[in-house]
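Working notes, beginning with the structure itself.
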Number of protein chains: 2
Amino acid sequence: MSLKYAILGLLNVAPMTGYDLKHQAFDATVRHFWPADQSQIYRTLSQLADSGWVSVTVEAQDDRPDRKIYAITDGGQQALMAWLTSDQAVPILRDPLLVQLFFGQEVPRVELLRVVGEQLAVHQARQAAFEQIPIPPLASRPDDRWLGLQHLTLDFGLALERAYVDWLQRCLEAVTALPDVDDAGDFRARFTAVSPED
Amino acid sequence: MSLKYAILGLLNVAPMTGYDLKHQAFDATVRHFWPADQSQIYRTLSQLADSGWVSVTVEAQDDRPDRKIYAITDGGQQALMAWLTSDQAVPILRDPLLVQLFFGQEVPRVELLRVVGEQLAVHQARQAAFEQIPIPPLASRPDDRWLGLQHLTLDFGLALERAYVDWLQRCLEAVTALPDVDDAGDFRARFTAVSPED
DNA sequence: GACATATATATGATAAATCATATATCAGAC
DNA sequence: GTCTGATATATGATTTATCATATATATGTC
């Protein structure tokens with residue numbers, strides 16, 4: 001489970017509370033390629049503490065809940081380094097849109113174009129958001145490993161979104177070129193009254 | 001949940017047993033973009049039967065377990081069509097490799113190159129596998145919606161794997177260009193004795 | 001004769017992610 | 001005076017996916 005090691009990686013930079021970890025460190029970095037909500041992060045911190053990979057220092061506060069400051073331990077560092085160099089299974093991207101297209105034979109063209117268009121808009125927005133993340137060019141500090149490696153993860157996000165946008169535009173063209181179903185006019189009346197469960 | 005609708009989509013072509021669904025229909029098609037094992041498929045079929053979207057006909061057999069033949073119902077077809085035209089959340093690709101790179105600052109170059117190289121080999125193999133799936137050119141049957149739409153899902157798989165291969169090759173170059181950590185020699189001795197949990 | 005593979009369905013256990021909700025207070029906006 | 005947002009942690013419930021295992025027989029392979 002990568003989240004465990006992502007959190008370990010963040011704590012390897014500096015000790016933090018779960019709150020700061022989530023709202024500063026995590027949301028600015030890891031969230032882009034491994035999203036997780038507050039509850040999952042707190043639970044994962046508990047697990048890490050149980051396995052001795054992080055230590056906890058409680059700092060009492062009168063007005064607010066006590067702060068629990070988490071720090072990586074020696075054991076945690078070893079576990080992190082071992083994991084960082086381990087072979088990981090290659091993930092499969094499960095995209096509901098592929099299911100919708102694969103079984104879309106009886107779906108009227110306008111509906112397909114709408115569904116594909118909505119996805120295209122989201123991917124274009126994501127692409128634009130990635131393009132706005134300011135990363136200084138590596139040429140300025142060619143000796144900076146940190147900069148170089150983190151730049152690669154952003155580069156992946158960009159490449160992925162560009163591939164999506166290209167493909168979705170090809171989808172729009174292809175669907176437009178395809179013949180429509182015979183009873184396209186009836187479709188809304190027949191089916192859109194049914195609300196899918198998700 | 002897309003698996004439910006993928007199964008509904010397959011049963012919309014022809015009634016089937018869970019066994020045939022898994023070993024013929026599913027593994028030849030949906031598996032490439034939405035993998036699922038036997039137990040999940042049987043459980044999902046039970047759910048679909050409970051909600052009345054598929055019907056079950058039991059065919060007794062002497063030597064082997066009874067065959068349960070699942071067929072889509074009218075309600076199932078309506079649910080399928082409604083879902084096929086619904087807006088779906090855009091998924092986020094969670095790739096452990098991105099976590100490994102992002103936190104790889106202290107990892108020796110050889111280790112990074114090995115990890116990236118392993119991923120590259122898998123993606124190259126996937127790309128080759130996708131390229132071997134025989135799909136007749138759409139030009140031969142421009143009126144075939146089925147062919148056109150299913151071709152788009154394959155096209156996505158190919159585009160994704162090409163983007164991966166390109167990016168991973170850039171990663172190899174970038175990591176090679178980056179300076180190595182100072183204590184690269186010690187790394188194996190220090191850390192690889194620790195076996196990560198996953 | 002032993003062992004793997006195909007046919008056929010099912011449950012138990014666990015891990016991971018998501019959503020909702022609970023508690024408590026302070027500061028600042030309107 | 002009320003409402004929102006920041007600070008701070010935690011649990012419950014549910015869904016989805018994965019892995020292991022159970023049962024039962026026939027056929028073909030080594």
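Each chain gets a letter, A, B and so on, in the order its sequence line appears, and its residues count up from 1. Owing to the predicted nature of the structure, the values given are computational and were not obtained by experimental measurement.
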* Applying the side-chain contact (heavy atoms from CB on, under 4.5 Å) test to B/Ile7, which of B/Asn12, B/Val54, B/Leu21 qualifies? -> B/Leu21
* Rounded distance in Å - CG (A/Leu48) to P (D/dT9) -> 15 Å
* Return the 5'-most residue of the pair B/Lys68, A/Leu3 with respect to DNA chain C, ranking by each residue's nearest nucleotide. => B/Lys68
* Connected-component partners of B/Ile92 among ILVMFWY, side-chain separation under 4.5 Å -> none
* When you measure from every atom of DNA chain C, which of residues 9-23 of chain B have a heavy atom less than 4.0 Å away? -> B/Thr17, B/Gly18, B/Tyr19
* Structure fact -> Here the distance between atom C1' of C/dA17 and atom CZ of A/Arg31, to the nearest Å, is 16 Å
* Structure fact -> Applied to residues 124-156 of chain B, the ring-ring contact (aromatic ring centres under 6.0 Å, His included) test, sequence neighbours excluded, yields A/Tyr164-B/Phe156, A/Trp167-B/Phe156
* **Length of the line joining B/Arg67:CZ and C/dA6:C1', which is rounded to integer Å** => 13 Å
* Starting from P on C/dT9, measure out to CD1 on B/Ile7 and report it in whole angstrom. => 13 Å
* Write down the distance between CG (A/Asp37) and P (C/dA22), rounded to a whole number of angstrom. => 17 Å
* Pairs involving residues 12-22 of chain B, ordered by first then second residue, that meet salt bridge (charged side-chain N to carboxylate O under 4.0 Å, His left out) (sequence neighbours left out) -> B/Lys22-B/Asp27
* Judged by atom type as modelled, is there a donor-acceptor pair below 3.5 Å linking the side chain of A/Arg109 to the main-chain atoms of A/Val181? -> no
Please list, pair by pair, any protein nitrogen or oxygen found under 3.5 Å from a nitrogen or oxygen in nucleotides 11-15 of chain D.
{"unit_1": "D/dG12", "atom_1": "N7", "unit_2": "A/Arg43", "atom_2": "NH1", "d": "3.4"}
{"unit_1": "D/dG12", "atom_1": "O6", "unit_2": "A/Arg43", "atom_2": "NH2", "d": "2.3"}

Acceptor/donor pairs from residues 41-50 of chain A side chains to any protein atom, 3.5 angstrom cut, sequence neighbours excluded:
{"unit_1": "A/Tyr42", "atom_1": "OH", "unit_2": "A/Tyr19", "atom_2": "N", "d": "3.3"}
{"unit_1": "A/Thr44", "atom_1": "OG1", "unit_2": "A/Gln40", "atom_2": "O", "d": "2.7"}
{"unit_1": "A/Ser46", "atom_1": "OG", "unit_2": "A/Tyr42", "atom_2": "O", "d": "3.3"}

* With ILVMFWY side chains joined below 4.5 Å, transitively, what does A/Val13's cluster contain besides itself? -> none
* Asked: What salt bridge (charged side-chain N to carboxylate O under 4.0 Å, His left out) pairs are there with at least one residue in residues 78-89 of chain B, not counting sequence neighbours?
  -> A/Arg114-B/Asp87
* Asked: Can you check the B/Asp27 CG to C/dA6 P distance for me, whole Å?
  -> 12 Å
* Sort and list the pairs that fulfil side chain to side chain donor-acceptor pair (under 3.5 Å) and have at least one residue in residues 127-137 of chain B, not counting sequence neighbours. => B/Gln127-B/Glu131
* **Separation of C/dT7 C1' from B/Ile41 CD1 (nearest whole Å)** => 16 Å
* To do: Could you list by number each residue of residues 89-103 of chain A showing a heavy-atom separation from DNA chain D of less than 4.0 Å, or answer none if no residue does?
  => A/Arg94
* To do: Keeping to residues at least two apart or across chains, list the ring-ring contact (aromatic ring centres under 6.0 Å, His included) pairs with something in residues 89-118 of chain A.
  => A/Phe102-B/Phe33
* **Members besides A/Val122 in its Ile/Leu/Val/Met/Phe/Trp/Tyr cluster (side-chain heavy atoms under 4.5 Å)** => B/Val90
* Any B/Trp34 side-chain N or O less than 4.0 Å from OP1/OP2 of D/dA17 -> yes
